[in-house]
Amino acid sequence: MAVKRKSNWYIYLIALIISFVLLGLFVSSIWDSLFPASEDAASYSISHSDFRPSPDIKPTYLVMLSDMKAATPVYYMLANYRPREEMIVFVPLQENMKVSYGGNEGSLYEMYDNFGAEAVMGGIKTSLGVECKHYIKFDRLSFIDFIDLTGSVYVNIPADITETVTKTVLEKETVEIDGEEKEVTRSVKKAVEEIVFPAGVSYLDGEKLYDYITYDFGKGVDYKLAVHGAMAMNMLNRNFRNLSSTEIQKFAEKLIYSTDTDITMSDYTNMQSVLQYTSENTINPCEYYMPYGENDGGYFIISENSKATILDRLGINPEEE
């Protein structure tokens with residue numbers, strides 16, 4: 001007599017499911033090793049390194065710009081760096097800001113012209129209470145080279161910037177020759193409006209950016225300094241994020257060897273981990289502050305309230321200095 005066997009189909013089903021799960025895990029591991037996540041996908045990831053910069057790291061640098069290497073700078077800016085707080089603050093300064101140092105009084109321009117960068121930093125310390133750790137002086141060529149190395153800078157221009165130029169143009173006119181009207185073409189000088197910088201978002205290379213920040217907008221000093229602050233802010237916010245250690249060192253070497261600065265490669269080495277931390281862990285860390293005050297005798301005098309705001313924004317406690 002035939003015996004009917006009990007079906008074990010569910011055992012085969014379970015075994016099949018386990019086989020597919022194991023196969024999926026194996027394929028996944030192989031896929032991740034062959035095709036790692038793209039750099040763009042990790043652009044905003046937070047580093048899992050145990051390194052954290054000391055809260056005492058909050059140096060301020062003096063950044064200057066002149067047209068030629070040997071020329072006195074006409075643009076001055078403070079750059080304060082606090083990686084632990086994910087903050088970089090730029091403070092553009094007027095070249096005629098009055099400072100005093102070593103028994104001398106004068107503008108930033110006069111201090112540099114007569115005594116050099118050390119006197120400018122000393123004057124800022126005496127007059128504002130801000131101690132600059134190092135200085136960096138760009139000229140036109142070193143500025144252009146540095147910007148082109150780090151990448152074009154995002155600029156949002158609110159309206160067309162135009163200027164009136166005189167150009168020679170060809171115009172037709174009708175004249176009478178020997179009793180007959182004839183059409184002739186003549187060269188005439190004519191004033192025309194030319195767009196220097198079109199309105200809207202632009203990504204400016206080094207040469208165009210230099211032209212932009214040194215352009216006479218005809219809107220006063222505050223407007224020009226705001227342009228400088230926004231330029232510096234956008235450059236770091238967009239171009240200095242998620243960089244490799246090799247890229248950061250390349251930028252540092254360019255800065256040290258192509259500008260007039262007292263920063264050395266040893267200074268960079270001491271800050272290398274801090275710079276890498278900032279690049280990996282911060283998104284849009286920059287802002288800028290515009291000092292206010294009044295003009296007196298050809299000098300710009302920053303108000304006491306604005307001085308207090310500068311110290312606050314730079315994280316400087318006068319009682320601890």
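- Checking side-chain atoms of S202 against main-chain N and O of L204 turns up no donor-acceptor pair under 3.5 Å.
- The shortest distance between side-chain heavy atoms of T278 and Y81 falls below 4.5 Å.
- Between L141 and K69, the closest side-chain pair of non-hydrogen atoms is not below 4.5 Å.
- Of all heavy-atom pairs spanning I316 and G129, the tightest one is CG2-O, 4.2 Å.
- With hydrogens and angles disregarded, no donor-acceptor distance shorter than 3.5 Å links the side chain of R82 to the backbone of M87.
- Connection of Y223 to F197 is established within a shared hydrophobic cluster, with ILVMFWY side chains joined at heavy-atom distances below 4.5 Å, either directly or through further cluster members.
- A distance of 10.0 Å separates CG of D312 from CG of N317, quoted to the nearest 0.5 Å.
- Side chain of K254 to backbone of L149: no donor-acceptor contact under 3.5 angstrom is found.
- Closest of all the heavy-atom pairs between N237 and C286 is OD1-N, 3.0 Å.
- When atom types are taken as modelled, the side chain of D205 and the backbone of K208 share a donor-acceptor pair closer than 3.5 angstrom.
- For the pair M271 and I57, the minimum side-chain heavy-atom distance is below 4.5 Å.
- The backbone N or O of M97 lies less than 3.5 Å from no partner atom in the side chain of S107, so there is not a single donor-acceptor pair.
- The residues E287 and R313 are annotated as salt-bridged, a charged nitrogen and a carboxylate oxygen being separated by less than 4.0 angstrom.
- The closest donor-acceptor contact from the side chain of D160 to the backbone of I195 lies at 3.5 Å or more, if one exists at all.
- In this structure the side chain of Y135 reaches within 4.5 angstrom of the side chain of D260, judged on heavy atoms.
- S127 and Y101 are not linked by any side-chain donor-acceptor pair at a separation below 3.5 angstrom, with hydrogens and angles left out of the test.
- Placement of V201 and I161 in two distinct hydrophobic clusters is found when ILVMFWY residues are connected by side-chain heavy-atom separations under 4.5 Å, directly or transitively.
- Between the side chain of T214 and the backbone N or O of Y210 there is at least one donor-acceptor pair closer than 3.5 Å.
- Side-chain contact check for D267 and T264: at least one donor-acceptor pair (N or O, by modelled atom type) lies under 3.5 Å.
- Inter-residue side-chain proximity for T261 and L255 is flagged as unmet; no heavy-atom pair is nearer than 4.5 Å.
- For the pair N104/F115, a side-chain contact is recorded, criterion being any heavy-atom separation below 4.5 Å from C-beta on.
- With D262 as the partner, the side chain to side chain donor-acceptor pair (under 3.5 Å) test is satisfied by one option alone out of K133, K137, H134: H134.
- The ring of F217 has its center closer than 6.0 angstrom to the ring center of Y212.
- Checked by atom type and distance alone, the side chain of S279 never pairs as donor or acceptor with a backbone atom of L275 at under 3.5 Å.
- Look at K307 and E304 and you find a salt bridge, because one of the NZ, NE, NH1 or NH2 atoms lies within 4.0 Å of a carboxylate O, short of that distance.
- How far CE of M111 is from NZ of K98: 10.0 Å, rounded to the nearest 0.5 Å.
- At a cut-off of 3.5 Å, with distance as the only test, no side-chain donor of S245 or Q276 sits close to an acceptor on the other residue.
- Distance check, rounded to the nearest 0.5 Å: CD of E163 to CD of E193 gives 9.0 Å.
- Hydrophobic clustering places Y61 together with I147 (ILVMFWY residues linked when any side-chain heavy atoms are closer than 4.5 Å, directly or through intermediates).
- Here CG of N96 is found 8.0 Å from CZ of F300. Values are rounded to the nearest 0.5 Å.
- Put simply, the side chain of Y75 does not reach to within 4.5 Å of the side chain of P73, judged on heavy atoms.
- The main-chain N or O of Y109 is never found under 3.5 Å from a side-chain atom of D113 such that the two would form a donor-acceptor pair.
- At least one donor-acceptor pair closer than 3.5 Å links the side chain of N239 to the backbone N or O of S152.
- Ring centers of Y112 and Y76: at least 6.0 Å apart, outside the cut-off.
- Residues N80 and T60 have side chains that bring a donor and an acceptor to within less than 3.5 angstrom of each other.
- Side-chain contact between V274 and P83: present, with at least one pair of heavy atoms (C-beta onward) separated by less than 4.5 Å.
- Residues I301 and L93 fall into different hydrophobic clusters, defined by Ile, Leu, Val, Met, Phe, Trp and Tyr side chains chained together at heavy-atom separations under 4.5 Å.
- Ring pair F146/F240 is parallel by interplanar angle, where below 30° counts as parallel and above 60° as perpendicular.
- Closest non-hydrogen pair, M290 versus A226, comes out as SD-N, 3.7 Å.
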